Amino acid sequence: MNKRITVEKRRQYIVHGGHRLDGEVCVSGAKNAATKQLVATLLADSPVILHNVPDIGDVQVTLEMLRDLGAQATFNQGTVTVDARGLKTSKVAEAVHRKNRIPILLFGPLLHRFGEATIPALGGCKIGARPVGFHVDALRQMGAEIESEGGSYIARTKGLKGAVIELPFPSVGATENIMLAAVKAKGTTVIKNAAMEPEILDLAVLLQAMGAIINMDVNRTWVIEGVESLHSAEHRIIPDRMVAASFLIAGALTRGNVFVRDARQTDLLSFLNVLRRVGVPFQILRDGIRVLGEDIKEPLNPIALETDVHPGFMTDWQQPFVMLLTQAEGVSIVHETVYEDRFGYTEVLVKMGAKIQLHRECLGSKPCRFVDHDYRHSAVIVGPTPLKGADIEIPDLRAGFSYLIAALIAKSTTRLSGVEQIERGYEDIIGKLKALGAEIEVV
Ligand code: EPU
């Protein structure tokens, strides 16, 4: 008997390069704020409303996870309402196993509610080992007992209590995890050497609106006084500074004139300085930022650049920015100091015609914590180089966008597979690029 095998057809983007982008595009809400705030809603004893939530893959996965735990969650044109009163289990669904990194943040809300939490193995972009030791150590300091088995975690507590925690590195996820546990812990929690990214500040703003007492202190410190309960609140999520930067780069590369509505200068300060040094003209306007790629008359300048934690040049800007540097005249250097393995994607750019060499040395102004390791975490880029189309499998979200903009300026057609990686973080990306004049088919 013939077995019928159904293979789900994988969608692809076919990009015909060489079209200039012009017009207006609106930045959606920040992925890395929205997903964390969805978790925070589980701490409230009445419904929480979030506005400007992007319609992206990672938000859908997070909403599914909340519903599976027993929360009622509705999503209507960017507004999400979560009512967590009916939470029924402390076990996060296996269905989110290795889908993204959000489940690890559920320790606090679930331990407060049930005294226990089971978290499946994490996924997310493959850009380094991405351990979670800082999270686990901090929660243990706060009174949780945590066991790990095959990448999943089981935690129990008789009650979380405040602690003074010094992070070995200002980890975004660990800072958020501690914050989500500390707001309802007994006593005061101090997080030293903490991350201070705008998305974390936005989480703190929501938690404060829900009744938490959170103070941003000097020298990378958060001080959180635990409260008995948290209540309903309504909050608008900040625009996505990664998406904003991505469209500004796309406009510059295609020599277009693109108004990026809702791009916020305050969140893009270090990015805009580098963009200016490279020679890309832009205007800061009341409701956004306009990139004037059409006014680039001289060759773009090469630069030396180092990624860093906020307020430094964000690691998530690195991939699209390297793409921009392939079109600058001369030798640029990029030193990645946040992730040890975030240059793997350059291999494909080289196949498309870029000249990029990776190095194990710290090619920056100061050695980073990877100095004594064997990681290829510095890149030397020589430009400008014309690019040609290719058949590409997308390995992760930011690399995916970088390939997409490479395809937009390539001389021939590019076929991109694994496009759900891009759709994890960019809302209606093809609709938005097509509205700006890109020629892309989805097959
Ligand atoms: N680290 C450890 N141990 C830990 C935690 C982190 O060694 O317990 C290391 C990591 O291996 C990495 C560094 O610390 O080398 C920074 O990791 P961090 O914890 O700050 O990253 P994350 O919370 O896992 C978030 C974003 C990333 C973004 C980074 C840095 C989310 C869901 N992800 O990741 O975003 O690159 O912060 O800003 O918020 C993306 O959106 O494409 C993305 C990868």
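Atoms considered below: every heavy atom in the structure, side chains included; atoms not considered: hydrogens, waters and symmetry mates. Whatever order the structure lists them in is the order used to number ligands and atoms, beginning at 1. Source: prediction; values computed, not measured.
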Residue Arg342 vicinity, atoms of ligand 1 by number, heavy atom under 4.0 Å: 36 (O), 42 (O), 44 (C)
For Asp202, all residues meeting salt bridge (charged side-chain N to carboxylate O under 4.0 Å, His left out), sequence neighbours excluded: none
Parallel, tilted or perpendicular, as decided by the 30° and 60° cut-offs, for the rings of His377 and His335: tilted
Ligand-residue contact atoms, ligand 1 with Phe134, heavy atoms, under 4.0 Å: 1 (N), 2 (C), 3 (N), 4 (C), 5 (C), 6 (C), 7 (O), 8 (O)
Lys NZ or Arg CZ of Arg369 over Phe169 ring: under 6.0 Å, within 45°: yes
Pair Phe321 and Phe313, ring centroids less than 6.0 Å apart: yes
Audit row: Lys36, Leu180, side-chain contact (heavy atoms from CB on, under 4.5 Å) steps and yes/no: CA-CA 9 Å; Lys36 325 300 173 65; Leu180 287 163; 5.5 Å; no
Per-atom contacts of ligand 1 with Leu397, taking only distances under 4.0 Å to non-hydrogen atoms: 42 (O)
Heavy atoms of other groups near Lys88 NZ, more than 12 under 6.0 Å: yes
Flag if over 12 foreign heavy atoms under 6.0 Å of CD, Gln357: no
Glu336 contact mode with ligand 1 (heavy-atom cut-off under 4.0 Å): neither
Proximity of Val136 to ligand 1 by residue part, where a heavy atom lies under 4.0 Å: neither
Contacting atoms of ligand 1, where contact means under 4.0 angstrom from a heavy atom of Val338: 12 (C), 13 (C), 15 (O), 16 (C)
Cationic tip of Arg241 above Trp317 ring, under 6.0 Å, 45° of axis: yes
Would you be so kind as to tabulate the donor-acceptor pairs closer than 3.5 Å made by side chains of residues 214-226, with sequence neighbours excluded?
residue : atom : partner : partner atom : Å
Arg220  : NH1  : Ala194  : O            : 2.9
Arg220  : NH2  : His310  : O            : 2.6
Thr221  : OG1  : Val218  : O            : 3.2
Thr221  : OG1  : Asn219  : O            : 3.0
Trp222  : NE1  : Ala195  : O            : 3.0

Closest to atom 33 (N) of ligand 1 among Thr175, Asp308, Asn32, Thr35 (heavy-atom distance): Asn32
Heavy-atom gap Glu176 to ligand 1 smaller than 4.0 Å: no
Derivation of the side-chain hydrogen bond (donor to acceptor under 3.5 Å, both in side chains) call for Thr118 and Tyr153: CA-CA 6 Å; Thr118 305; Tyr153 292 89; over 6 Å; no
Best match, Pro131, Pro168, Ser171: closest heavy atom to atom 19 (O) of ligand 1: Ser171
Proximity flag Glu199 to ligand 1, non-hydrogen atoms under 4.0 Å: no
Candidate with minimal heavy-atom separation from atom 37 (O) of ligand 1, of Val172, Asp396, Ile200, Thr62: Val172
Gly133 near ligand 1 by a heavy-atom separation under 4.0 Å: yes
Close approach, Gln319 and ligand 1, non-hydrogen under 4.0 angstrom: no
For ligand 1, the portion of Arg101 having any non-hydrogen atom under 4.0 Å away: side chain
Contact partition for Asp316 relative to ligand 1, non-hydrogen atoms under 4.0 Å: side chain
Side chain, backbone, both or neither: the part of Phe169 lying under 4.0 Å from ligand 1 by heavy atom: side chain
Distance-only N or O hit between ligand 1 and Tyr339, under 3.5 Å: yes
side-chain contact (heavy atoms from CB on, under 4.5 Å) between Ile440 and Ile14, worked out: CA-CA 6 Å; Ile440 307 178; Ile14 313 285; over 6 Å; no
Where ligand 1 meets Lys31 - atom numbers and elements under 4.0 angstrom, heavy-atom basis: 40 (C), 41 (O)
Subset of ligand 1 atoms that lie under 4.0 Å from at least one heavy atom of Gly173: 19 (O), 23 (O)
Per-residue contact class, Lys36 against ligand 1 - non-hydrogen pairs under 4.0 Å: side chain
Gln208, CD atom: more than 12 neighbouring heavy atoms under 6.0 Å: no
